[in-house]
Amino acid sequence: MAILELRDVSKSFGQGARRVDAVREVTLDVDRGEVVALEGPSGSGKTTLLALAGALLTPTAGEIRVDGDDITNYGGQARTRYRRDRVGFVFQGSNMVPFLTARENLLIVGQFGGADRTALRLRADELLEQLDLTAVRDQVATSLSGGERQRVAIARALMRDPSLLLVDEPTASLNFELGVLVVDALLSEVHQRQKACIMVTHDDRMAQRADRLVEIRDGRILADRSSFETL
């Protein structure tokens, strides 16, 4: 069963001679328990597609459904609630609160919505251990390395148990060993908790670890295949 459904989704910016078609008639499903790697050159529409799925942008045409709900034209508070409760974002910049510790950066996100504090602490410690961050959990964000901050950002995105994960270049600042750790943690979370995930990546080695590989060029999907198929 698909968590994310995009039907003939397009997004344009500007008008007339200045019009740019960033995403063109994209139809894509991401099933429960599935990680889809999204590959394509710069300017191909990858980040725009993530922003549409996350209700950061409204499509020019087409329909977007998440868990069966039509989010295409969500506005105001509905968009805010959707992003807060149902989507976990991981951007290239970690966007951590600099004066909080790694653990506190997770807890502050989890506290929105009145969740049980004991359960939140247990969940934060579980994620920090899973991403090999236990040793730095009490260090403030400014003292962490770029790779550590990126892993904290991934843990933070998982704190509220979102059904949809939208991940933009999660391994860009990591070496191969840490990149594998991060991608495998995402896979484990998605498979065990039956979430859906789109992961933008330029690293073929990481894309191969996903369940499916989707290639996008000039805003259109060119290929959609199992990452285990011969490329």
Stepwise, does the side-chain contact (heavy atoms from CB on, under 4.5 Å) test hold for T58 with R79? CA-CA 10 Å; T58 299; R79 291 169 70 91; 3.0 Å; yes
Please evaluate residues V90 and L166 with respect to the criterion side-chain contact (heavy atoms from CB on, under 4.5 Å), reporting the C-alpha separation (whole Å), side-chain torsions for both, the decisive distance (0.1 Å), and the verdict. CA-CA 6 Å; V90 182; L166 301 173; over 6 Å; no
Step by step, work out the side-chain contact (heavy atoms from CB on, under 4.5 Å) result for L213 and E39. CA-CA 7 Å; L213 174 62; E39 280 196 320; 3.5 Å; yes
So L56 and R83, side-chain contact (heavy atoms from CB on, under 4.5 Å) or not? Walk me through it. CA-CA 8 Å; L56 295 170; R83 291 192 296 262; 3.5 Å; yes
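For D21 against R19, the heavy-atom pair with the smallest separation is OD1-NE, 2.8 Å. When all heavy atoms of P59 and V9 are compared, the pair lying nearest together is CB-CG1, 4.0 Å. Across all their heavy atoms, V26 and G219 have their closest contact at CG2-O, 3.5 Å. When every heavy atom of S163 is checked against every heavy atom of V66, the shortest pair comes out as OG-CG1, 4.4 Å. The heavy-atom pair separating Y82 from L164 by the smallest distance is OH-CD2, 3.7 Å. A157 approaches P162 most closely through the heavy-atom pair O-CG, 3.4 Å.
V182 and F176 fall within a single hydrophobic cluster, where Ile, Leu, Val, Met, Phe, Trp and Tyr side chains are chained together by heavy-atom contacts under 4.5 Å. There is a path of hydrophobic side-chain contacts, each under 4.5 Å, that joins V109 to V97. The hydrophobic cluster containing L128 does not contain V140, counting ILVMFWY residues as joined when their side-chain heavy atoms lie under 4.5 angstrom apart, directly or transitively.
Side chain of T171 to backbone of L174: no donor-acceptor contact under 3.5 angstrom is found. Between the side chain of T201 and the main chain of A207, no donor-acceptor pair closer than 3.5 Å is present. Distance alone, capped at 3.5 Å, is enough to place a donor-acceptor pair between the K46 side chain and the G40 backbone. Side-chain atoms of R65 never come within 3.5 Å of backbone atoms of L6 as a donor-acceptor pair (strictly under, hydrogens ignored). Looking at H191, its side chain never comes within 3.5 Å of a backbone N or O of V35 through a donor-acceptor pair. Panel note: side chain Q139, backbone V136; no donor-acceptor pair is recorded below 3.5 Å. Between the side chain of R151 and the main chain of D132, a donor-acceptor pair closer than 3.5 Å is present.
Side-chain contact check for L4 versus I64: some heavy-atom pair is nearer than 4.5 Å. In this structure, V167 and C197 have side chains that are in contact, with non-hydrogen atoms separated by less than 4.5 Å. At least one side-chain heavy atom of M206 sits less than 4.5 Å from a side-chain heavy atom of V180. Within the 4.5 Å cutoff, no side-chain heavy atoms of F13 are placed close to those of T60. The closest side-chain heavy-atom distance from M96 to V152 is below 4.5 Å. Side-chain contact between R32 and K195 is absent, with no heavy-atom pair separated by less than 4.5 Å. For the pair S10 and V23, the minimum side-chain heavy-atom distance is 4.5 Å or more. Looking at E215 and L38, their side chains never come closer than 4.5 Å, going by heavy atoms from C-beta outward.
In this structure R193 satisfies the salt bridge (Lys or Arg N to Asp or Glu O under 4.0 Å) test together with E126, D161, E189, sequence neighbours excluded. For the side-chain contact (heavy atoms from CB on, under 4.5 Å) test, residues two or more places apart in sequence or in another chain that qualify with P41 are S44, R217. Partners of D69 by side chain to side chain donor-acceptor pair (under 3.5 Å), not counting sequence neighbours, listed by chain and number: R86. Residues satisfying the salt bridge (Lys or Arg N to Asp or Glu O under 4.0 Å) criterion with R137, sequence neighbours excluded, are D125. Under the side chain to side chain donor-acceptor pair (under 3.5 Å) criterion, Q130 pairs with no residue, sequence neighbours left out. Residues satisfying the side-chain contact (heavy atoms from CB on, under 4.5 Å) test with E34, not counting sequence neighbours, are V30, D31, V36, D211, R212. In this view, R18 satisfies the salt bridge (Lys or Arg N to Asp or Glu O under 4.0 Å) rule with no residue, not counting sequence neighbours. Judged as a ring-ring contact (aromatic ring centres under 6.0 Å, His included), and not counting sequence neighbours, Y74 has no contacts. Take T72 and apply the side chain to side chain donor-acceptor pair (under 3.5 Å) test, not counting sequence neighbours, and it matches D70. Applying the side-chain contact (heavy atoms from CB on, under 4.5 Å) rule to T134 yields the partners E129; only residues at least two apart in sequence or on another chain are considered. Under the side chain to side chain donor-acceptor pair (under 3.5 Å) criterion, T48 pairs with no residue at all, not counting sequence neighbours. Partners of E5 under the salt bridge (Lys or Arg N to Asp or Glu O under 4.0 Å) rule, at least two apart in sequence or in another chain, are R7.
Interatomic distance, CZ of R103 versus CD1 of I108, reported as 14.0 Å (0.5 Å rounding). Rounding to the nearest 0.5 Å gives a distance of 9.0 Å between CZ of F99 and CD of E104. Atom CG in L122 sits 9.0 Å away from atom CG in L120 (nearest 0.5 Å). The CG atom of L127 sits 9.5 Å away from the CG atom of L133 when rounded to the nearest 0.5 Å. Here Q77 contributes atom CD and R84 contributes atom CZ; the two are 9.5 Å apart, rounded to the nearest 0.5 Å. The CD atom of E63 lies 9.5 Å from the CG atom of D8; values are rounded to the nearest 0.5 Å.
With 3.5 Å as the limit, one finds a donor-acceptor pair spanning the side chains of H202 and E169. No side-chain N or O of D138 forms a donor-acceptor pair with one of T101 less than 3.5 Å apart.
At a threshold of 4.0 Å, the pair D203-R205 counts as salt-bridged, since one of the basic side-chain nitrogens sits closer than that to a carboxylate oxygen.
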